[in-house]
Amino acid sequence: MYQVVPGGAAGTITDVIPKLKHSRDTRPLVGAGVLGLMLVIAAVSAWSYYIASLRKAELLKTQLLDLNKDGYIIRNQGGAIVFRMDFRSGTLDLDSCTKEGELLSCGRTTDRSLNFFIETVRPKDTVQCYRVRWEELVPDISVAHAMTYKFAHWYGGAVSAIQHWPISISGQQSPKPFVTSDIYANRNEFGGILESYWLSSNATAIKINNSVPFHLGWNDTEQTMYFQARYDDSPFKPNPGEAPCAELSYRVCVGLDVTSIHKYMVRRYFNKPNKVPAQAMFQHPVWSTWALHKTDINQEKLLTYAANIRKYNFNCSHLELDDRYTPRYGEFEFDPIKFPNASTMFQKLKSDGFLVSLWIHPFVNYNSENFHACVERGLFVREPSGQLPALVRWWNGIGGIVDFTNPEAREWFASQLRSLRSRYGVSSFKFDAGETNYLPWKFSTRTPIRDPSFFTRRYTEMAIPYNDRAELRSGYQSQNISCFFRPIDRDSVWGYELGLKSLIPTVLTISILGYQFILPDMIGGNAYLNRTDGNRALPDRELYIRWLELSAFMPTMQFSIPPWAYDNEVVEIARKYTALHQSIVAPRVLELAGEVLDTGDPIIRPLWWIATGDETAYKIDSQFLIGDDLMVAPVLEPGKQERDIYLPAGRWKSYKGERFDIKEPLHLTDYPVDLDEIAYFLWA
């Protein structure tokens, strides 16, 4: 049990020291002890990491929103994901994030500083909102977030040349300026009426702040919409004296259903009209010279047109004298050759009971007698340096465009309109154009504007003194102008590209964007050469009749191609539907128009408005509601005298007298609808 052990380098130790010898059986116990200690340390470390992870997870969660380094998701009360946004301009450094109350903020990405926050706001028990802001601190860095749209059907944004309901996204588009454009001339751009607002069928809505230099793109493969803020290579500009540091800020709100969340968003974020236009606008058709005569209009043709309206026993809200009544564009005198006795003409029309509105636009062509004076007085939008007026090209030539941010220019323009009213008794004006695509890519105005579409807003304000009967085709934050808004010109075709099928999706989109007084353009379309089915001089007869029937259930009707251009049967159908519009539609629309002033709710509504959980209702683009109690289902296909109809649950009475008392939605297959009929159902 004892042994002699060798000494060191000096030699052998001769003193015998007794020493305990470890047996082979005790060594594993030592190893086990060491291993146990290591396991304890590892367990403590894991527990500490777990606790830290829980704290970090709690930090990065605010109500029903979960934040991670690459984006965030939002769930509804049932736990289902209803919204997802990915960050495409950087990865958050989560160690830089802090949470104080309902405010979660971060100060860095993995490679730079920034200001980022998400704030939870609960404005009412049924609505949960999240304010999101990503602000770059270095100039000319763009901010991009990518919203996944695969969880639901989406609505809103802007009118488009090919209009679908819900939004149908195809192809890939890098983010481009979200500004108003003339989509008749530029069919791949955003339309003349737009708001940075989208709504989904899963009761989620997003509103981009108006201060954002907002660009929109998409990718149908990824099923994403790109929300981007940037100043580089963009018509957006920072405020004078500010560095071009981009900020993307918006609010996402989640509610109980699509209708209630939209009502909340409209009341919270949209302007509302402050008055209802003239009752006659809702009751009787507008008659325009445009589609019938184009620019080949004169005094004799206008008087003949008015005489025929009376001859064929039609009512008239007002006559609309369209393009080319002046010698040159940018002048405000009647062409003495085409209208040799303008004052006498107006007196004649007035004595016959006609009010007259005039077509107007923001351009002054270089050959106009007003051009030089406007240049001298600085009334035009100018090139970026502000030294010279910017010449712009529009569909009727080249000239300057009036700077409506300039008080002097506004007064000059307004004085021309006042003069026309006082001299001839003009009742109102059709304000054409106003879209930002007619501005130079880079420009300057008397009052600097960050967002080019604010020019559209300033132009629409010129209609306010005439809003009883005024008509606008562009709008941005313009809901409170309180006049009728018209979609861009329609072609005389059946399809979704500016044709008959586009009308309901377009009107529903405009309604969702907060514009409720809608003039749905001319019955039968504009009969443009090469854009008319069959290449006829007139729109196809069947197309014209179906268009007429649909227009009878819109807030107002507008003729240009007259019914008597066809035959007596078309005249009788037109009389039938103008009378039906006056007796059935107009009273309902006027009642709803009064409510719009307080609520902003649509007059023309999608079927899901009363069927909020109905997946089929989310996708229907060929039927609509007027209020909650009148459902309309027009025939929109050539050669058809029947159609499928979707009836939401409830008690309905058809225009034929049939009654449907249904607890579940009902499909009516091949429901017969003759050529002189349109299917509609009243809430019983």
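Counted by atom type alone, S502 and R490 present one or more donor-acceptor pairs between their side chains at under 3.5 Å. Between the side chains of N437 and S181, no donor-acceptor pair is found at a separation under 3.5 Å. For the residue pair T62 and T120, a side-chain donor N or O sits within less than 3.5 Å of a side-chain acceptor on the partner. Side chains of S474 and T456: no donor on one and acceptor on the other come within 3.5 Å. With hydrogens and angles left out, the side-chain atoms of N274 and S482 include a donor and acceptor closer than 3.5 Å. Side chains of E615 and H153: a donor-acceptor N/O pair is present below 3.5 angstrom, by distance only. Inspection of the N202 and T204 side chains reveals an N or O donor paired with an N or O acceptor under 3.5 Å.
The cationic atom of R267 (NZ for Lys, CZ for Arg) does not lie both less than 6.0 Å from the six-membered ring centre of Y264 and within 45° of the ring axis. Remark: K176 is not positioned above the aromatic ring of Y226, lacking an NZ or CZ atom under 6.0 angstrom from the ring centre and at most 45 degrees off the axis.
Residues satisfying the ring-ring contact (aromatic ring centres under 6.0 Å, His included) criterion with W154, sequence neighbours excluded, are absent altogether. For C483, there are no disulfide (SG to SG under 2.5 Å) partners, not counting sequence neighbours.
Note on ring orientation: taking the six-membered ring where Trp is involved, the planes of Y250 and H145 are perpendicular (angle over 60°, cut-offs 30° and 60°). Using cut-offs of 30° and 60° on the angle between ring planes, the pair Y515 and F485 is perpendicular. Note: F517 and F484 have tilted aromatic rings, judged against thresholds of 30 and 60 degrees for the angle between ring planes. Aromatic ring orientation, F214 versus F178: perpendicular (interplanar angle above 60°, classes split at 30° and 60°). Note on ring orientation: taking the six-membered ring where Trp is involved, the planes of F404 and F413 are perpendicular (angle over 60°, cut-offs 30° and 60°). Ring geometry for F116 against F87 counts as perpendicular: the plane angle is over 60°, on a 0 to 90° scale with 30° as the lower cut.
Looking only at side-chain heavy atoms (C-beta outward), L248 and R133 stay at 4.5 Å or farther from each other. Residues V266 and T599 fail the side-chain proximity criterion, which asks for heavy atoms closer than 4.5 Å. Counting heavy atoms from C-beta outward, R75 and D66 have side chains that approach closer than 4.5 Å. Residues Y197 and M265 have side chains in contact (heavy-atom distance under 4.5 Å, counting atoms from C-beta outward). Inter-residue side-chain proximity for D601 and Q516 is flagged as unmet; no heavy-atom pair is nearer than 4.5 Å. Using a 4.5 Å heavy-atom threshold, the side chains of W218 and T224 count as separate. The closest side-chain heavy-atom distance from L137 to C245 is not below 4.5 Å. Taking 4.5 Å as the limit, every side-chain heavy atom of F151 sits out of range of all side-chain heavy atoms of V82.
Contact check on D182 versus R473 returns a salt bridge, with a Lys/Arg side-chain nitrogen under 4.0 Å from an Asp/Glu carboxylate oxygen. We find that D489 and R486 are joined by a salt bridge, their nearest charged nitrogen and carboxylate oxygen being less than 4.0 Å apart. Salt bridge status for R588 with D629: present, with a side-chain N to carboxylate O gap under 4.0 Å. One finds a salt bridge joining R187 and D491 here, because a Lys/Arg side-chain nitrogen approaches an Asp/Glu carboxylate oxygen to under 4.0 Å. For the pair D621 and K619, the salt-bridge criterion is not met [side-chain N within less than 4.0 Å of a carboxylate O].
Checked against a 6.0 Å centroid threshold, the rings of W198 and Y155 do not count as neighbours. Taking the six-membered ring where the residue is Trp, the centroids of Y438 and W394 are separated by 6.0 Å or more.
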Show the numbers, then the answer: is there a side chain to side chain contact (heavy atoms under 4.5 Å, CB included) between Y466 and F431?
CA-CA 10 Å; Y466 310 97; F431 291 81; 4.3 Å; yes
